[in-house]
Amino acid sequence: MFSVYVYVLDAMADWEIGYVAAELNSGRFFKADAPKVQVRTAGISKEPVRTMGGLSVVPDCIIGDIAADEAAVLLLPGASTWDDPKHGAVIEKAAELLSAGGTVCAICGATAALARAGLFERRPHTSNGAGFLEMVCPGYKGKERYVDEPSVSDGGLITAGAAGALAWAKQIIGHLGVFRPDTLEAWHAYFSTGDARQFFALMQTLPGAAG
């Protein structure tokens, strides 16, 4: 079973976790033999946070509750508040997870927090465009590893820019192996194009679908 932790912080960008959290939590398109997935929110404390969209979220657990192992997945959404030193605990947890073989997924402003911690120096990664991390992270040393794509996967580290939420979700879902490959391709094609044919193609890949 995978334990997926969505880190929630004030001013977090709600939409950036929408695709991936909804699919992993609902399991509506999972393959028949998919591993079980538990999605929980995690915070610095159990005090409510307020998202960019104005939603109030009460964390299910705190960062210290996350076990650093291969079955743990940490989702780090973007926010305008990542500069606050209080987020150091979750960055330390991210480093622990990567060392333990877990999965860390960062998008938008969260990529800057990981870059500041030096976690991109030896790993391919992306962010909000070439030059962004150099601009916001003094001492950033990962320029040679930067890939100018919406989302980049390097084993247990999956990163994306602000406009890459769908691509990021696809790579996370693919990494966890909870969709059939044809389901994942049809899912991504439908949500990226809106083509109704892709929706019906998606339905045909699901367990129990008529052949």
Side-chain angles (χ1 to χ4, degrees), residues 4-21 24 41-44 49-53 57 63 66 68 72-176 188 191-192:
V4 177
Y5 298 92
V6 180
Y7 184 60
V8 292
L9 67 166
D10 286 321
M12 64 178 272
D14 314 59
W15 70 91
E16 291 177 348
I17 60 168
Y19 287 112
V20 66
L24 294 181
T41 53
I44 296 170
V49 301
R50 198 161 185 84
T51 72
M52 191 181 297
V57 180
I63 297 306
I66 300 175
V73 181
L74 180 60
L75 305 185
L76 303 175
S80 59
T81 52
W82 272 110
D83 287 342
D84 194 318
K86 68 183 181 181
H87 300 304
V90 77
I91 300 305
E92 290 178 10
K93 182 63 68 174
E96 289 178 28
L97 281 172
L98 290 173
S99 295
T103 302
V104 175
C105 311
I107 187 169
C108 191
T111 63
L114 296 185
R116 279 192 290 271
L119 297 181
F120 288 167
E121 291 184 14
R122 296 179 179 85
R123 291 175 173 270
H125 59 277
T126 195
S127 185
N128 294 336
F132 172 76
L133 294 177
E134 293 171 278
M135 179 177 67
V136 300
C137 305
Y140 166 62
K141 297 178 181 179
K143 184 177 179 180
E144 297 100 16
R145 301 282 185 173
Y146 187 87
V147 181
D148 196 13
E149 295 289 343
S151 184
V152 170
S153 178
D154 177 49
L157 177 66
I158 303 173
T159 53
L166 182 60
W168 188 59
K170 181 185 180 185
Q171 291 195 320
I172 296 168
I173 293 167
H175 176 71
L176 299 183
H188 183 263
F191 284 104
S192 60

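For the single chain, residues carry numbers from 1 onward in sequence order.
Under a 3.5 Å cut-off, the side chain of Tyr5 and the backbone N or O of Leu76 do not form any donor-acceptor pair. Put simply, the side chain of Asp10 gets close to the backbone of Arg50: a donor and an acceptor are under 3.5 Å apart. Of the possible polar contacts, one joining the Gln171 side chain to the Val152 backbone as a donor-acceptor pair under 3.5 Å is found. Distance alone, capped at 3.5 Å, is enough to place a donor-acceptor pair between the Lys93 side chain and the Ile66 backbone. Using modelled atom types, no side-chain atom of Thr51 and backbone atom of Ala11 make a donor-acceptor pair closer than 3.5 Å. A donor-acceptor pair is defined here as one N or O able to donate and one able to accept, closer than 3.5 Å; no such pair exists between the side chain of Thr126 and the backbone of Pro150.
Of all non-hydrogen atoms in Leu74 and Tyr7, the two that sit nearest each other are CD1-CB, 4.4 Å. In terms of heavy-atom proximity, Arg145 sits nearest to Arg123 at CB-O, 3.3 Å. A pairwise comparison of heavy atoms in Ala113 and Ile91 identifies CB-CD1, 3.7 Å as the closest pair. Scanning all heavy atoms of the two residues, the minimum distance from Ile158 to Ser153 falls at CG1-OG, 3.7 Å. The heavy-atom pair separating Arg116 from Val136 by the smallest distance is NH1-O, 3.6 Å. Between Cys137 and Ala112, the shortest heavy-atom contact is SG-O, 3.4 Å.
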- [ ] List the steps, then state whether side-chain contact (heavy atoms from CB on, under 4.5 Å) holds for Asn128 with Thr111.
- [x] CA-CA 9 Å; Asn128 294 336; Thr111 63; 5.6 Å; no
Open item on the list: Would His87 and Trp82 count as a side-chain contact (heavy atoms from CB on, under 4.5 Å) here? Give the steps.
Closed with: CA-CA 7 Å; His87 300 304; Trp82 272 110; 3.8 Å; yes
Task: Working for side-chain contact (heavy atoms from CB on, under 4.5 Å), residues Val104 and Leu114 - done: CA-CA 10 Å; Val104 175; Leu114 296 185; 4.2 Å; yes
Task: side-chain contact (heavy atoms from CB on, under 4.5 Å) between His125 and Asp154, worked out - done: CA-CA 7 Å; His125 59 277; Asp154 177 49; over 6 Å; no
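For His175 and Thr103, the side-chain atoms include at least one donor-acceptor pair closer than 3.5 Å.
Atom CH2 of Trp168 sits about 10.5 Å away from atom CD1 of Ile173, to the nearest 0.5 Å. Here the CG-OG1 distance, from Leu75 to Thr41, works out to 11.5 Å after rounding to the nearest 0.5 Å. For the atom pair CD1 of Ile107 and CD1 of Ile17, the computed distance is 10.0 Å after rounding to the nearest 0.5 Å. Taken to the nearest 0.5 Å, the CE atom of Met52 stands 7.0 Å off from the CD atom of Glu16. One distance of note links OG1 of Thr159 with CG of Leu133; it measures 9.0 Å at 0.5 Å rounding.
Here the side chains of Ser151 and Leu166 are not in contact, with every heavy-atom distance at 4.5 Å or above.
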